[in-house]
Amino acid sequence: MKKVLTKDFFERPTLSVAREMLGKYLVRRVRGREVVAMITEVEAYDGFRDKASHAHRGETRRNAVMFGNAGVWYVYLVYGMHEMVNIVTGGKGYPAAVLIRGVEGVLGPGRVTKHFHISRPLDGKVAEEQNGLWVEDRGVRIHAKEIRRLPRVGVAYAGAWAEKKYRFVYLSSKRFKTKRTGGRPVRGSYH
DNA sequence: ACGATGATGAAC
DNA sequence: TTCATCATCGTA
C-alpha cells in the first residue's frame, strides 16, 4: 500500500492536513539516490490572519506560492543558512502551508532539508515524483493518543497566535523528549 | 549563551 | 540604499 499524495489531500483545512501528515513518508529522489523517512513533526501556518505566518503581511515574491495551489512546495531560507520545507494547503487564494519540522531520526526543520537535499530550486514545484520530492501514504495510521499538540517554535513575536497549538508531534518518534518544569511539558528537545 | 550568515520587507 | 529581523543550529 503506497500512494503518492496529490492536491486533493492538501487542498483541505490546514490543521487537518497537518495532523494527517504525521505517519506519511517524505521521499526524495535525486541522481539515482532515494531518501525516505516518516514524518513525525509538523507545524501549520494558516491564513492571512495568522500573525506567525509569512502570509500575514500580504503576498510578496517570497511567499507567493503560499497563495497558490495546494500540494506545491514552499521552500525558503531563514537565518541566512537554513532552508525550510513546507507544503501548501487550502484552496487557491488562501495562504496556508504545513512546515515539516521532523522525520524519524531527523528532528529540526533545518536538519530535515539538509538530510533530504532540499533547497530553494524546489520552491513552487508540485509535490510529485517527476520533481524528485513527494509525500507517500504507506498505510501507517497514527492514533490520536500518539499525537501531542504544542505551540509553534520560534514565533514568540506573534502574540496570541504564538500560543495556538498548531504544532503536531508524533510521540513515539523515539528521539522526541519533553522537558518538564513544574510538571508541565514546555517544549520538545532534541537528543 | 551566542555567533554565523544572507534574504526579506519596511523605512528612509 | 540601509537596517532590523528572522518558522535555526552547532559550538561553548
Side-chain angles (χ1 to χ4, degrees), chain A residues 10 13-22 24 26 28 35 37 39-68 70-90 94-125 127 133 135 147-170 173 175-179 181 185-191:
Chain A
F10 299 104
T14 310
L15 292 176
S16 305
V17 175
R19 179 201 311 186
E20 291 174 37
M21 280 185 70
L22 298 180
K24 301 300 186 291
L26 185 62
R28 176 75 165 130
V35 185
I39 296 167
T40 57
E41 181 176 354
V42 297
E43 279 175 2
Y45 288 85
D46 189 27
F48 306 91
R49 299 170 40 201
D50 180 355
K51 222 178 156 191
S53 172
H54 289 167
H56 181 246
R57 299 170 213 256
E59 187 173 340
T60 65
R61 186 149 87 246
R62 177 177 66 170
N63 66 24
V65 312
M66 287 186 80
F67 289 75
V72 171
W73 298 113
Y74 173 42
V75 182
Y76 65 91
L77 186 73
V78 268
Y79 299 117
M81 55 187 83
H82 304 294
E83 318 261 354
M84 303 285 110
V85 62
N86 305 245
I87 190 138
V88 176
T89 59
Y94 183 80
V98 173
L99 169 67
I100 300 176
R101 291 193 58 88
V103 300
E104 207 150 59
V106 184
L107 284 237
R111 293 167 178 166
V112 167
T113 52
K114 190 175 175 193
H115 182 72
F116 284 88
H117 303 103
I118 294 168
S119 56
R120 282 164 289 171
L122 282 162
D123 184 48
K125 305 280 195 210
L133 182 64
V135 183
I147 297 173
R148 179 167 301 188
R149 290 187 60 168
L150 295 167
R152 292 170 293 184
V153 175
V155 297
Y157 58 83
W161 291 89
E163 296 164 31
K164 292 187 179 290
K165 295 182 174 176
Y166 280 12
R167 177 182 176 205
F168 297 79
V169 178
Y170 172 47
S173 95
R175 292 171 169 259
F176 185 81
K177 308 280 187 208
T178 300
K179 277 189 181 167
T181 45
V186 175
R187 67 183 188 90
S189 60
Y190 310 128
H191 291 258

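Order of the sequence lines fixes the chain letters, A, B, ..., with proteins taken first and strands second; residue numbering starts at 1 for each chain.
Under the stacking definition used here (centres under 5.5 Å, planes under 30°), the residue Tyr79(A) fails to qualify as stacked on the base of dG6(B).
Heavy atoms of Met84(A) sit under 4.0 angstrom from primed sugar atoms or phosphate atoms, though from no base atom.
OP1 and OP2 of dA7(C) both lie 4.0 Å or more from every side-chain N or O belonging to Arg167(A). Dashed line: the shortest gap from a side-chain N or O of Arg111(A) to OP1 or OP2 of dG10(C) is under 4.0 Å. Not one side-chain nitrogen or oxygen of His82(A) sits closer than 4.0 Å to the OP1 or OP2 atom of dA7(C). Side-chain nitrogen and oxygen atoms of Tyr157(A) include at least one within less than 4.0 Å of the OP1 or OP2 phosphate oxygen of dA7(C). Dashed line: the shortest gap from a side-chain N or O of Arg62(A) to OP1 or OP2 of dG9(B) is under 4.0 Å.
Panel note: side chain Asn63(A), backbone His54(A); a donor-acceptor pair is recorded below 3.5 Å. The main-chain N or O of Thr113(A) is never found under 3.5 Å from a side-chain atom of Arg28(A) such that the two would form a donor-acceptor pair.
Picking from dA7(C), dG9(B), dG6(B) the nucleotide with the shortest atom distance to the side chain of Leu77(A) gives dG6(B). Considering only side-chain atoms of Val153(A), the nucleotide from dT8(C), dA7(C), dA7(B) that sits closest is dT8(C).
The separation between His54(A) atom NE2 and dG9(B) atom C1' is 11 Å, rounded to whole Å.
At a cut-off of 3.5 angstrom, the base of dA7(C) holds at least one donor-acceptor pair with the side chain of Tyr76(A).
In a base pair of the Watson-Crick type (N1 to N3 plus N6-O4 or O6-N4) or a G-U wobble (N1-O2 and O6-N3), with each distance short of 3.5 Å, dA7(C) is matched with no nucleotide.
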